[in-house]
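For ligands, and for the atoms within them, numbers begin at 1 and follow the listed sequence.
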Amino acid sequence: MSTILDGKATSNQIKEELTQEVNALKASGKRPPHLAAVLVGNDGASLTYVGSKVRSCEKIGFDSSLIRLEDTVSENELIETINKLNNDTTLDGFIVQLPLPKHINEEVVLHAINPDKDVDGFHPTNFGKMALGMETFIPATPFGIMELLRRYKLDISGKHAVVIGRSHIVGRPMSILLSEKGNPGNATVTLTHSRTQNLAEITRAADIVVSALGVPNFVTADMIKQDAIIIDVGITRVPDENHPKGYVITGDVAYDEVKEKASFITPVPGGVGPMTIAMLLQNTMLAYKRNAL
Ligand code: GUN
């Protein structure tokens with residue numbers, strides 16, 4: 001039986017800390033931090049995530065702006081919007097919610113964001129700094145996982161960490177952060193992906209598994225070692241007629257069986273997801289401090 005890594009409670013704690021910081025800023029006559037989000041199109045999941053980011057800003061006293069563009073918007077029009085945000089001195093940071101429609105080149109768009117306002121940490125300048133262990137905006141999901149490990153005082157130094165999935169947003173930066181000097185850190189990392197052979201053999205040798213694959217219930221109990229730490233980044237909408245929304249959010253990990261074998265485990269929902277939002281807010285506070293203080 002494992003201990004739940006409660007991302008919801010931990011994110012609420014971080015938001016509470018940020019609220020106090022914002023209140024102190026306002027009390028001394030300063031403006032609050034300001035985050036903007038650009039959302040292209042009407043994808044249901046993206047709408048939910050961006051809505052949640054904006055609501056979280058409001059909750060902790062940040063200013064927030066939501067810029068919505070039609071899914072037919074051209075790449076040039078999107079770049080124009082980004083340039084405006086780059087030059088908006090009332091704005092500390094902004095994000096462009098991914099994925100983008102197929103006719104828009106994601107790389108071109110991410111490169112157009114001023115690295116000083118790139119609170120997602122996706123610009124090559126920030127990704128490079130992160131990889132070199134320099135202070136910068138760290139992508140919110142891997143940052144949130146590191147923060148969860150830190151607050152639960154889980155020591156991963158010298159342990160074998162296995163990351164499933166090599167995305168630029170989660171898997172790749174996760175593998176770098178876990179191996180970096182620091183606490184948490186100093187893990188021996190294996191980054192696995194769709195071409196990996198004998199995956200189950202590799203995960204069975206892991207002291208910590210981070211799954212960022214997007215395949216519901218992929219990680220089963222037979223794939224993990226007794227007392228491993230299990231971090232589930234999956235948030236797939238699985239159709240379910242019995243649910244009012246018509247779907248259930250399902251993680252990569254077969255939770256019910258894996259929780260019997262793991263030492264610590266993140267639930268879905270309520271694990272990594274809320275931590276992602278908290279760390280985006282934290283990155284925005286960092287941008288503000290560089291900018292306005
Ligand atoms: N899509 C999925 N996760 C993220 C994220 O962290 N940031 C942005 N901008 N888009 C995403």
Applying salt bridge (charged side-chain N to carboxylate O under 4.0 Å, His left out), run through Glu16 and Lys59 and close with a yes or a no. CA-CA 10 Å; Glu16 181 52 40; Lys59 190 174 165 213; over 6 Å; no
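Among protein heavy atoms, atom 8 (C) of ligand 1 sits closest to Asp120 OD2, 3.3 Å. Protein heavy atom in closest approach to atom 4 (C) of ligand 1: Gln97 NE2, 4.1 Å.
Between Glu147 and Arg150, at least one side-chain nitrogen of the basic residue sits less than 4.0 Å from a carboxylate oxygen of the acidic one, meeting the salt-bridge criterion. Ion pair Lys225/Glu201 not flagged as a salt bridge, since none of the NZ, NE, NH1 or NH2 atoms sits closer than 4.0 Å to an Asp/Glu carboxylate oxygen. The residues Glu135 and Arg290 are annotated as salt-bridged, a charged nitrogen and a carboxylate oxygen being separated by less than 4.0 angstrom. A salt bridge links Arg31 and Asp92; the closest N-O separation between the charged side-chain nitrogens and carboxylate oxygens is under 4.0 Å.
Applying the 4.0 Å criterion to heavy atoms of Val96 picks out, from ligand 1, the atoms 8 (C), 9 (N).
Of the heavy atoms in Leu98, both backbone and side-chain atoms come closer than 4.0 Å to ligand 1. Under 4.0 Å from ligand 1, not a single heavy atom of Met279 appears. Residue Phe122 touches ligand 1 through its side chain alone, judged by heavy-atom distances below 4.0 Å.
Between Thr141 and ligand 1, no pair of N/O atoms sits closer than 3.5 Å. Where the criterion is an N or O separation shorter than 3.5 Å, residue side chain and backbone included, Thr276 fails it with respect to ligand 1.
Clustering ILVMFWY residues whenever any of their side-chain heavy atoms sit less than 4.5 angstrom apart, transitively, puts Ile14 in the very cluster that holds Ile145.
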